[in-house]
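Lettering of chains follows the sequences in order, A, B, ..., and the numbering in each one begins at 1.
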Number of protein chains: 2
Amino acid sequence: MSLKIKESEVDIVIAALRSDLTAFLEAWRPFFSPFHIIIVKDPDMEEDLKIPPGFDLQLYTKSDMEGVAGATSINFSGHSCRYFGYLVSCRKYIISIDDDCFPAKDSTGVLINNAVAQHLTNLENPATPFFFNTLYDPYREGTDFVRGYPFSLRNGVDCVLSCGLLLNVADYDSPTQAAKPSERNARYVDAVLTVPIGSMMPVSGINIAFNREALGPALLPGLRLPGEGKRRWETMEDIWSGLCAKAVCDHLGVGVKSGLPYVWRNEAADGGSAIESLKREWEGVKLMEEVVPFFQSVQLQKTLVKAEDCVAEIAAMVREKLGPLNPAYAQAAAAMEEWVNLWKALGSQGV
Amino acid sequence: MSLKIKESEVDIVIAALRSDLTAFLEAWRPFFSPFHIIIVKDPDMEEDLKIPPGFDLQLYTKSDMEGVAGATSINFSGHSCRYFGYLVSCRKYIISIDDDCFPAKDSTGVLINNAVAQHLTNLENPATPFFFNTLYDPYREGTDFVRGYPFSLRNGVDCVLSCGLLLNVADYDSPTQAAKPSERNARYVDAVLTVPIGSMMPVSGINIAFNREALGPALLPGLRLPGEGKRRWETMEDIWSGLCAKAVCDHLGVGVKSGLPYVWRNEAADGGSAIESLKREWEGVKLMEEVVPFFQSVQLQKTLVKAEDCVAEIAAMVREKLGPLNPAYAQAAAAMEEWVNLWKALGSQGV
C-alpha cells in the first residue's frame with residue numbers, strides 16, 4: 001500500500017531570497033546531503049550568492065528564467081522564483097523549504113523531527129480524503145482507522161501534497177502579525193491528517209513537498225498582488241497556488257496532508273514591520289473574499305485527468321468569472337496559461 | 001464571539017453498564033462535582049447500582065423508560081441507555097463519558113487535561129467548518145488564523161458537538177482490535193480541530209459533549225445490529241447517531257470539533273475477546289458500505305431549521321432508500337421517528 005521513495009527521485013528546491021545561504025545550508029546539511037538540490041536565485045537580487053561547498057546542487061538565476069520562459073506574464077520574483085525550480089526539475093518529488101527556516105529543535109537542542117524524512121513519509125503513505133479519521137494518520141505506527149471507518153476506504157488514495165508547519169514565527173498575515181507582534185508558536189502538535197475533499201485550505205509554501213509528476217503543474221506562480229513584497233506576511237502567491245492545487249487534487253481524487261513536519265522559522269532579519277505591510281496586504285485580504293467563493297464553485301470536467309489540463313481549465317474560469325473584477329485576476333489567468341504551456345513544453349522532462 | 005457556559009446549564013450523562021460506579025465516580029469527583037449528573041442504568045442490568053454519596057445526581061432506570069417511552073421501536077439497552085438521559089435532561093448542554101473511562105494522566109500521575117473543562121471550552125468557542133485552518137483551533141491562546149484564511153469566515157459558527165479522544169485502549173472495531181490486541185494509544189495530540197463541512201466522520205459516543213438545545217434530537221438511538229453487544233467494538237449505534245448528527249450540523253451550518261479532551265480508557269474487565277465479537281461486527285462493517293453512500297447523498301430541504309425536523313426527514317429517506325436493503329434500516333427509521341416524537345413531546349422541556 002505504501003511505497004518507498006528513492007533519494008534519486010527527489011529534488012530539494014530552495015528559493016534564495018537571502019544572499020548568504022551558509023547558515024541555512026549548514027543547518028540542513030545532514031538532511032539535505034543525500035539529495036540533489038536546486039537553488040533558484042530571486043531574480044531581483046543583485047548580490048552574489050554565498051553557498052557552502054559539498055552539496056550536489058544546481059543554481060538557476062535570472063538569465064536561466066529569461067532563456068527558458070522568455071517574455072512572459074509569469075512573475076518569478078521574490079518567493080515565486082521557487083516555481084522555476086519546480087519547472088526545471090526532472091525528478092518525481094519536490095521538497096521546498098523557505099531559506100529562513102531551520103531544523104526544528106526543542107529547548108534543549110534535541111531535534112524534534114527530520115522534516116525531509118517526514119515529508120517523504122507523508123507522500124509514501126496514502127491519504128484518506130473521503131472520510132475523516134478521528135485518530136489522525138491511520139497508517140502511522142501505533143494507530144489505525146477508528147471504529148466505523150468504512151473498510152472500502154481504508155486503502156486510501158495517493159498523497160500528492162504534504163504541507164508542514166512552523167515553530168517560532170507562525171505563518172500569519174500582516175493584520176494578524178501586526179496585532180500580535182510578539183506571539184510565537186511553541187506548540188508541537190504530533191499529528192498528520194488528510195485535509196478532506198471539498199475543504200479548501202490556505203497552503204503555505206514555506207515548508208511543503210509534493211509529487212511533481214502528479215501535481216507539479218498545479219503549483220504555480222499565478223496571482224500576484226500589485227506591489228506584493230518579499231515578506232511572507234505580504235504574499236498571496238502561495239495561497240492562490242494552494243487553492244488551485246487543492247481544487248486539482250479534489251478533482252483527481254488524490255490527497256493532501258497537513259501537520260508534521262515542523263521547521264523552525266527565524267525572525268525576519270531585516271526588522272521589517274508588519275504594520276508597514278498592512279496597506280499592501282489589505283488588498284490580498286479583500287481579494288480573498290472573491291477568490292474563496294470562486295474556488296468553492298470550481299467544477300472541472302470529468303474528462304480531465306491530468307493536473308496541467310485541470311489548471312488550464314481553472315485559468316479559463318478565472319478569466320471569465322474573476323477577470324472583470326480586478327486586473328490582477330486577468331494577469332493570473334494569463335500567467336497560469338503560460339505556465340501550463342511551459343510545463344508541457346519542458347516541465348515534463350525537465351531541462 | 002465566545003460565550004461562557006454556566007455550570008447550571010450542563011448535565012453530565014453517564015450510561016451505567018457496570019453496577020459498581022464507585023471507582024469511576026470517585027476518579028471524576030473533582031471534575032463532576034460542580035455539575036448535575038444523570039445516571040441511566042442499562043435496562044438489561046439486574047444488579048443494583050453502587051453509587052458513592054455526595055453527588056447532585058438523578059438516577060433513571062428501566063421503569064422510567066417504560067413510563068416515558070412506553071411500547072417503542074427504540075432500543076435503550078446497553079450503551080444506548082444514555083440517549084434516555086439526553087431525552088430527559090432539561091439543560092442546554094450535555095457531557096457524556098463511558099463508565100470505563102477515567103481522567104487522563106501521564107506516566108507520573110499528572111493530569112493531562114480536564115476533560116469536562118475542555119469540552120465546555122470547545123463548545124464555548126466557535127467552529128470553522130467552511131475553510132480549513134492549518135493551525136488547528138484558531139481561538140486557542142497562542143494561535144490564530146493562518147495567512148490566507150478569509151476574514152469573512154473568521155467569526156466562525158456555533159460549535160454544537162465536541163468529540164474527545166481516548167488514551168490507552170483506542171476506539172477500534174473488532175476486526176482491528178482482533179488484529180492488534182495489544183496495541184495501546186500513548187500519543188497525546190495537543191489539538192482541537194473543526195471537522196470540515198461535507199466531511200463525514202464516525203462519532204464515538206465514548207467521550208462527547210454537545211449543545212442539547214441545538215443538536216439534541218440528532219443524537220439518537222437509531223440503527224442497532226441484530227445481536228449488537230455491549231462491548232464498544234461491537235456497537236454501531238453511536239456511529240449511526242454520529243452520521244446523523246454530522247449531516248444535521250452540515251445542513252444547519254453549525255460546527256463539530258474533534259481532538260482534545262482525552263480520557264483514559266481502561267481494558268475491558270470481562271476479558272471479552274474481540275475475535276468472539278468478529279462475527280457480529282462483520283454485519284456492521286458490511287452495513288457501513290451502504291450507510292456511507294446514503295449519508296453522502298443526504299440533501300435536506302432548505303426550509304428545515306430545527307434538528308428534530310432534519311432527523312424526521314433523514315428517517316424518511318432511510319426508510320425509502322435503505323429500508324429495502326435490510327430490516328435493520330426500517331427498524332432504524334421507525335426508532336428515529338418515534339425518537340423525534342418523544343423529543344417533541346417532552347425532550348424540549350425535560351421531564
Contact origin within [X] toward chain A - heavy atom pairs under 4.5 Å:
X	result
B:Asp238	side chain
B:Ile206	side chain
B:Ser204	both
B:Ile197	neither
B:Gln296	side chain

Query raised in the report: If only atom types and distance count, is the side chain of B:Asn266 paired as donor or acceptor with the main-chain N or O of B:Cys101 below 3.5 Å?
Result: no

Query raised in the report: Do any N or O atoms from the side chain of B:His79 and from the backbone of B:Lys230 form a donor-acceptor pair under 3.5 angstrom?
Result: yes

**Report entry** chain B contacts, top residue of A:Ser258, A:Ser152, A:Pro129 (heavy-atom pairs, under 4.5 Å)
**Finding:** A:Ser152

Report task. Mind ranking A:Ala179, A:Gly198, A:Ser199, A:Pro202 by heavy-atom pairs under 4.5 Å with chain B and telling me who comes out on top? Result -> A:Pro202

Sort [X] into side chain, backbone, both or neither according to what part of it lies under 4.5 angstrom from a heavy atom of chain B.
X	answer
A:Tyr136	side chain
A:Lys180	side chain
A:Thr134	both
A:Val146	both

Report task. Compare all side-chain heavy atoms of A:Tyr188 with those of A:Leu260 and state whether any distance is below 4.5 angstrom. Result -> yes

**Report entry** Side-chain heavy atoms of A:Asp144 within contact of A:Tyr149, under 4.5 Å
**Finding:** no

Query - Donor-acceptor side-chain pairing of A:Gln118 and A:Asn122 below 3.5 angstrom - result: yes

Report task. Step by step, work out the ring pair (Phe, Tyr, Trp, His ring centres under 6.0 Å) result for A:Tyr139 and A:Phe145. Result -> CA-CA 8 Å; A:Tyr139 307 106; A:Phe145 290 96; 5.7 Å; yes

Report task. Let me see the working for A:Thr143 and B:Arg187 under side-chain hydrogen bond (donor to acceptor under 3.5 Å, both in side chains), right down to the final yes or no. Result -> CA-CA 9 Å; A:Thr143 187; B:Arg187 189 158 57 99; 4.8 Å; no

**Report entry** Most chain A-contacting option - heavy-atom pairs closer than 4.5 Å, from B:Lys246, B:Glu183, B:Met288, B:Arg184
**Finding:** B:Glu183

Query raised in the report: So which of A:Asp190, A:Leu166, A:Asn185, A:Asn168 actually passes side chain to side chain contact (heavy atoms under 4.5 Å, CB included) with A:Tyr262?
Result: A:Asn185

